[in-house]
Each structure stands twice: as C-alpha cells, then as structure tokens.
Number of protein chains: 2
Amino acid sequence: MDNSIKVKFDKIDRKILEILQANAKITNAQLSKDIGLSPAPTLERVKKLEQSGIIKSYHAKLDPEKIGLGVSTFVLVGLIGHNKGNIDAFMKEIDQIPEVIECHHITGTGDFILKIISKDINSYQKLMLEQVSEIKEVDSMQSMVILSTFKDSKVLPIPA
Amino acid sequence: MDNSIKVKFDKIDRKILEILQANAKITNAQLSKDIGLSPAPTLERVKKLEQSGIIKSYHAKLDPEKIGLGVSTFVLVGLIGHNKGNIDAFMKEIDQIPEVIECHHITGTGDFILKIISKDINSYQKLMLEQVSEIKEVDSMQSMVILSTFKDSKVLPIPA
DNA sequence: AGAATTTACCGAATTATATGTGGTACAAAG
DNA sequence: CTTTGTACCACATATAATTCGGTAAATTCT
C-alpha cells in the first residue's frame, strides 16, 4: 500500500474516480462503457485505485430526516489547554460519541469544530450537557444549528 | 416514493442501514448472513430502503491528499441581506463552485457555513478572492483552516 | 374466534456481473 | 533495433444478483 501524500493517476483514472464518487453502485460493465474501455482493464484500474488508498471506502448515504435525525449542528469547541495530552484526551472522548460524526482541529476562532447529528433539540441539548461539556478538557462551546442544507456533495474536485 | 419526514423500519432494517453506511460494497449474500436472513428477502429490504428514500445514494470516499487536495476549510459567510431573493442568488452561485462541497444555512455567528476543499493555500486564496467574495450577496467571510481531521464518520447514529 | 388477506420469508432456478486468462499492440528503456 | 514492461481486448469461468413459486406467520375483517 502506497502511503505517500500524492499518487499518480491519469485522465481515465480521474474519470473513474469522478463516477465512483457520484455513484458507487455502478456496474463494472457500465463503468467501462462510460470511460471507453473494456471491463477487464477497467476493473484492474479500480482495484489499483483501491489498493493505492486513493479510494478509501464505499458508503451508503441516508436521509437524516427519514431515520428520525432532525437536528444537525456545528459546534466550535475551545479547549482549556493546547498541549498534546489534552488534545488526545479530548479526542478519545469524542471518538466514543457516535452523534459526533466529524471532528476537525482548526485555526481561527475555536480549537475544534464538530459536526453533530441528533434526533431533536431536546436530545441535542442532553447530548451537549451530559456528554460534550462533561469532557474535562472542554472550555468553551459555541453551537451553530443547521436550518437547512443546500449542498452536501460527496464529489471532491480532483485537480487537473 | 414516500416523501414524509419519518419512515418506518424495523430492527433488521436498522442493521442493514448501519452495515451499508459503513460498507456499501458488501455483497448481498454476506449482508444476508450478517443480518440472519436469506438473500432474497434481504435484497427486497434493501430495495425498499432505496425506494423509500431512506437510502439516498452510494459514494466512493477518496483520500483527499492522495488526489492532491491538501487544504480543507470551513468558511462562515454573512450575506448583505437575508431575504429569499438574496439567499437564492447566493445559492445559485455557490452551486457552480465544485470546491464548495457543503453549504448550510445556520443560526448563530454567520448566515452560512461552507466546507471548501482545494489543492493548496494559493489555490484556496484564489478561489476565495476570485469566486466566493465576488458573489455580490456576500458581505463577510471568516475562514477556519482544518489542520487535521480526527473523525469523519459516514455512519449516522440511527435513533432507537 | 375464525376466515381472508397481506406480508415476509425460504430454496432453487435463472440471469447478470465480476473475475481470470491468454494473447496482442504499443511505449519506454537498454 | 531489441528487449521489457504496460495496458489493453476478447473470451471463458466463477460468483453474485435477481426472479419465481410456494409456505408460514402476522394482520385485518367479519
């Protein structure tokens, strides 16, 4: 497995990546037609992209509201200290909360930004009070509730 | 197609959803083993979940760094006005920028939060100066650069 | 309660798809 | 040039998805 930062791929590979990002369920036969190759080398290319780590995984995207998840938020979290120990401890706690679906270390206003998804405002409040704010490394929290989502693309813009 | 907010599904469906969120490439045969049914009804359930819109789509997840995308950011955007016309105009522009992979309307500090991914700091700056800040409805922008991502789960916590 | 109806399931046959193989052309390296 | 390696195709095989007929359980209706 190649672990270097940048990996080489050609124009055809890029097209494969674009297609599979948008629709992972396409058959190899259809994919091969779309890129203009026969099935065998097409599959070979996909396997290589998987083995090289360019393609990390495949996921089903669900409709949050239809499974009863009505409230999504971003939360800016400030920690009491910025040393590695604190950050690791914070991460360890965050990792165990499935409602926290993203956690990024950022520059700017706060130290971290979380994306949290929960059933409703009540369960969100409960989660924040009883789980997030209970993490001892957490100093400040600022919530931004998502009123609506206009764009949520799973397709990354692959540079030329 | 059911378009209501909440759709019903049982314990077995939830398990299917959990599995397909984590690994969309699982074979129907394996999935049926994992949930304890035979392949036929398993497939039937998956199809129903797709038709009901609970499962919206399937996507390949790529490694951003390996395709040359080194800079990810969140941007808080304030608009000059908050009327529907402005918001729609803003959205229309945002929609055409592939580097903006998410756009949410939020409460709190700003009006919108964007997630942007680009090649490097230079191309990020170029994008912000020449595209985002050029949208006439945009008033303020505050960038938060992601230093590192600790969690990026594609699995939503399905409520009991 | 009992009959009718619907729903969910299974096993097996069929169809579609993925995967493996051998051979060929092209390109790059020696 | 010649050699080596790479990428490709067509075709054969293996694996998986899908369809079908029939059965049992659950639900609805009388």
Side-chain angles (χ1 to χ4, degrees), chain A residues 1-63 66-68 154 158-160, chain B residues 1-63 66-68 154 158-160:
Chain A
M1 150 98 74
D2 189 326
N3 225 46
S4 66
I5 291 299
K6 189 70 184 306
V7 182
K8 11 334 17 18
F9 52 91
D10 64 15
K11 201 151 281 191
I12 298 175
D13 290 322
R14 171 180 301 117
K15 202 164 180 188
I16 291 175
L17 292 173
E18 282 166 358
I19 292 170
L20 290 182
Q21 282 189 95
N23 172 24
K25 268 299 180 64
I26 189 174
T27 63
N28 186 60
Q30 185 58 47
L31 178 62
S32 70
K33 274 177 204 159
D34 290 358
I35 64 171
L37 288 183
S38 70
T42 301
L43 188 66
E44 217 172 69
R45 279 170 179 268
V46 172
K47 295 294 177 199
K48 259 183 209 160
L49 291 168
E50 288 170 358
Q51 285 172 350
S52 72
I54 293 183
I55 297 175
K56 293 173 80 167
S57 45
Y58 297 90
H59 306 275
K61 179 183 177 182
L62 309 188
D63 184 325
K66 292 201 174 158
I67 54 175
K154 300 306 176 193
I158 306 173
Chain B
M1 149 102 69
D2 189 327
N3 226 47
S4 66
I5 293 297
K6 188 71 185 304
V7 182
K8 6 354 350 28
F9 53 89
D10 64 15
K11 202 151 282 191
I12 297 175
D13 289 323
R14 170 180 302 118
K15 202 162 179 188
I16 291 175
L17 292 173
E18 284 166 358
I19 292 170
L20 290 182
Q21 283 188 92
N23 173 24
K25 267 299 180 63
I26 190 173
T27 64
N28 186 59
Q30 184 58 47
L31 178 61
S32 69
K33 276 177 204 161
D34 290 358
I35 64 171
L37 288 181
S38 70
T42 301
L43 188 66
E44 218 173 67
R45 280 171 177 267
V46 172
K47 296 292 177 201
K48 259 183 208 160
L49 291 168
E50 288 169 358
Q51 283 172 350
S52 71
I54 293 184
I55 296 175
K56 295 174 80 168
S57 45
Y58 298 90
H59 306 275
K61 179 183 177 184
L62 310 188
D63 184 325
K66 291 200 174 159
I67 54 175
K154 300 305 176 194
I158 306 173

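A note on names: the letters A, B, ... follow the listed sequences, proteins ahead of strands, and every chain is numbered from 1.
At most 12 non-hydrogen atoms from other residues, nucleotides or ligands lie less than 6.0 angstrom from NZ of K33(B).
Side-chain contact check for I158(B) versus Q21(B): some heavy-atom pair is nearer than 4.5 Å. Contact annotation: the side chain of S32(A) approaches that of P39(A) to within less than 4.5 Å [non-hydrogen atoms, C-beta and beyond]. In this structure, the side chains of R45(A) and D13(A) come closer than 4.5 Å at one or more pairs of heavy atoms.
Rounded to whole Å, atom P of dT15(D) lies 20 Å from atom CG of L43(B). Here dT15(C) presents its P atom at 19 Å from CG of N28(B), a figure rounded to the nearest Å. Distance, I26(A) CD1 to dA18(C) C1': 14 Å, rounded to whole Å. Distance, Y58(B) OH to dA17(D) P: 12 Å, rounded to whole Å. Taking atom NZ of K25(A) as the reference point, atom C1' of dA17(D) lies 11 Å away to the nearest angstrom.
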Pick out the pairs of N or O atoms, protein on one side and nucleotides 4-13 of chain D on the other, that lie under 3.5 Å.
residue, atom, partner, partner atom, Å
dA7(D), OP2, K48(A), NZ, 3.3
dC8(D), OP1, R45(A), NH2, 2.8
dC8(D), OP2, R45(A), NE, 3.1
dC8(D), OP2, R45(A), NH2, 3.4
dC9(D), OP2, S38(A), N, 2.8
dC9(D), OP2, S38(A), OG, 2.8

Exercise for review: Check the pair D34(A), K15(A) against salt bridge (charged side-chain N to carboxylate O under 4.0 Å, His left out), reporting the backbone distance first and the verdict last.
Suggested key: CA-CA 9 Å; D34(A) 290 358; K15(A) 202 164 180 188; over 6 Å; no

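K47(A) has no side-chain polar atom (N or O) that falls below the 4.0 Å cut-off from OP1 or OP2 of dA18(C).
Here H59(B) contributes atom NE2 and K61(A) contributes atom NZ; the two are 5.0 Å apart, rounded to the nearest 0.5 Å.
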